[in-house]
Protein chains: 2
Amino acid sequence: MQDFTHSMSMMLYRALNGVMPRFRAIFSEFGVTETQWRVLRILWERKRIGFRELGELSLIPAPSLVGVIDRLCRDGLVERERSTQDRRQVDILATAAGQALEAQVMPAVSNAYAELSGALDKQTHAHLMAGLSALANLAHAPHQSAAPNPPRTLTGSQ
Amino acid sequence: MQDFTHSMSMMLYRALNGVMPRFRAIFSEFGVTETQWRVLRILWERKRIGFRELGELSLIPAPSLVGVIDRLCRDGLVERERSTQDRRQVDILATAAGQALEAQVMPAVSNAYAELSGALDKQTHAHLMAGLSALANLAHAPHQSAAPNPPRTLTGSQ
DNA sequence: AACTATTTATTAACATATTAATGAATAATC
DNA sequence: GATTATTCATTAATATGTTAATAAATAGTT
């Protein structure tokens with residue numbers, strides 16, 4: 001087996017460490033975290049979106065998203081609105097202040113992203129995205145356990 | 001500009017979401033978290049290692065590593081030992097129980113990793129690793145700010 | 001030697017991830 | 001139409017990430 005520090009998962013983390021700091025530096029100048037940014041980025045394209053779909057698109061798990069929305073509400077950037085059709089559901093929408101942020105933050109971010117893409121030649125970039133896509137689409141097949149007493153719950157699925 | 005949900009950073013997160021769950025499922029069966037696993041994985045190759053280097057190899061930031069080591073100590077898997085040369089430094093080493101875990105967990109993990117590698121053809125895998133390596137080696141060049149009043153500290157470096 | 005600057009691990013404060021559980025609302029089945 | 005099962009957002013508990021600050025020890029400088 002090869003070196004652990006260069007295993008697939010570690011290389012993925014290493015890549016994120018190489019990419020994200022420059023973006024977080026921009027976000028922090030405007031008082032938003034990376035996770036909050038992800039939510040806002042989606043709300044700028046979809047004026048109104050359901051809590052669940054927002055979580056799927058932003059890759060933020062539901063329990064985390066609750067707190068993220070809480071803080072964005074606290075800061076006056078988004079609002080909750082309970083659905084009238086199904087009163088379990090909650091829609092999220094950006095306030096005027098939340099919408100205004102787009103014009104302020106996007107230039108710097110687009111610039112940084114262009115700079116990032118420019119650091120890789122077309123070939124490398126294309127191959128990289130293809131590989132990442134392949135990993136993302138791997139089936140989450142439950143593996144064969146080797147544990148003595150698997151502490152599984154009886155609730156069945158997921 | 002392209003779709004945000006398929007930007008480089010989101011694809012990196014998506015890839016991790018595709019890869020890590022199967023490993024975390026294994027770790028949890030042995031009562032260790034993914035982060036604790038990374039520490040142990042390194043200690044199995046280096047009987048004794050300095051706190052700082054451990055943080056660099058495991059990609060765990062120092063403040064997080066303090067707590068991770070605390071909990072590994074609590075569970076009797078590792079031990080702290082203050083250096084005699086430089087009494088600021090702390091070495092970390094695995095206990096007998098910590099070392100014993102290797103033989104129990106590695107088979108399942110190696111198996112899962114082989115299964116993962118097998119899901120990608122050699123070409124894709126090689127290109128992917130090359131791309132990730134390129135991203136990891138990007139210089140963390142401080143960007144040009146567009147913020148009105150950059151709230152930077154005066155501590156300079158880092 | 002005294003003073004200053006740097007390094008090392010740690011703490012503090014806040015935000016997020018992970019897993020399991022809960023309450024309210026809706027859907028399914030009887 | 002009452003019971004049961006499922007969905008949805010949320011809470012709870014624990015672990016980790018992020019940024020800034022701190023205390024102790026060492027290194028550098030005068």
Side-chain angles (χ1 to χ4, degrees), chain A residues 13 16-17 20-29 31-39 49-56 58-75 80-92 140 151-158, chain B residues 13 16-17 20-25 27-29 31-39 49-56 58-75 77 80-92 140 151-158:
Chain A
Y13 285 121
L16 278 171
N17 284 348
M20 296 315 297
R22 72 194 64 205
F23 290 107
R24 295 204 192 101
I26 299 174
F27 302 154
S28 73
E29 289 177 2
V32 298
T33 66
E34 181 195 333
T35 311
Q36 292 171 348
W37 155 265
R38 283 199 245 163
V39 168
I49 188 174
F51 180 90
R52 180 181 182 170
E53 190 179 2
L54 177 57
E56 290 170 353
S58 64
L59 303 182
I60 301 173
S64 299
L65 189 54
V66 171
V68 175
I69 299 299
D70 281 348
R71 288 177 284 274
L72 283 172
C73 285
R74 177 200 63 191
D75 298 343
R80 277 186 172 89
E81 199 165 288
R82 193 160 287 273
S83 168
T84 52
Q85 342 285 334
D86 186 335
R87 286 188 298 182
R88 289 169 302 185
Q89 298 182 154
V90 172
D91 285 346
I92 311 294
H140 296 206
R152 301 186 188 286
T153 66
L154 297 179
T155 49
S157 69
Q158 206 241 67
Chain B
Y13 285 122
L16 278 171
N17 285 349
M20 297 313 299
R22 72 194 63 205
F23 290 108
R24 296 204 192 102
F27 302 153
S28 74
E29 288 176 4
V32 298
T33 66
E34 181 196 334
T35 311
Q36 292 171 348
W37 155 265
R38 285 200 243 162
V39 167
I49 188 174
F51 179 91
R52 180 182 182 171
E53 190 179 1
L54 178 57
E56 290 170 353
S58 63
L59 303 183
I60 301 172
S64 297
L65 189 55
V66 171
V68 174
I69 299 298
D70 281 347
R71 288 177 284 273
L72 284 172
C73 285
R74 178 199 63 190
D75 298 344
L77 298 177
R80 276 185 172 87
E81 199 164 288
R82 193 159 288 273
S83 168
T84 52
Q85 341 286 334
D86 185 336
R87 286 189 297 181
R88 290 170 300 185
Q89 297 181 156
V90 173
D91 285 345
I92 311 294
H140 295 207
R152 298 185 188 289
T153 67
L154 297 179
T155 49
S157 69
Q158 199 253 69

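A note on names: the letters A, B, ... follow the listed sequences, proteins ahead of strands, and every chain is numbered from 1.
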Earlier contact from the 5' end, DNA chain D, for A:Phe51 and B:Ile60: A:Phe51
Touch class at under 4.0 angstrom, heavy-atom based, for B:Thr33 against every strand present: sugar-phosphate
Touch class at under 4.0 angstrom, heavy-atom based, for A:Thr35 against every strand present: sugar-phosphate
Closest listed nucleotide, where the reference is the side chain of A:Val90 and the choices are C:dT26, D:dA9, D:dT26: D:dA9
Out of C:dT18, D:dA20, D:dT16, whichever nucleotide has its closest atom nearest the side chain of A:Ser64: C:dT18
B:Arg80 or A:Arg71, whichever maps to the more 5' nucleotide of DNA chain C: B:Arg80
D:dT7 phosphate, OP1 or OP2, under 4.0 Å from A:Arg88 side-chain N/O: no
B:Arg74 side-chain N/O to D:dA15 phosphate OP1/OP2 under 4.0 Å: yes
A:Arg87 side chain, from C-beta outward: closest of D:dT11, C:dA25, D:dT18: C:dA25
Ionic contact status for B:Asp91 with B:Arg52, cut-off 4.0 Å: no
Side-chain (B:Arg82) to main-chain (B:Val90) donor-acceptor, under 3.5 angstrom: no
Sugar-phosphate, base or nothing in reach of A:Arg82, heavy atoms under 4.0 Å: nothing
Candidate nucleotides C:dT7, C:dT10, C:dA17, ranked by approach to the side chain of B:Arg52 - the nearest: C:dT7
Which nucleotide in D:dT18, C:dA15, C:dT10 has an atom nearest any side-chain atom of B:Ala62: C:dT10
Sugar-phosphate, base or nothing in reach of B:Gln36, heavy atoms under 4.0 Å: sugar-phosphate
Out of C:dT11, D:dT26, D:dT11, whichever nucleotide has its closest atom nearest the side chain of A:Pro63: D:dT11
Closest to the A:Val68 side chain, choosing from D:dT19, C:dT16, D:dA9: C:dT16
Distance test, side-chain N/O of A:Arg24 to OP1/OP2 of D:dT18, below 4.0 Å: yes
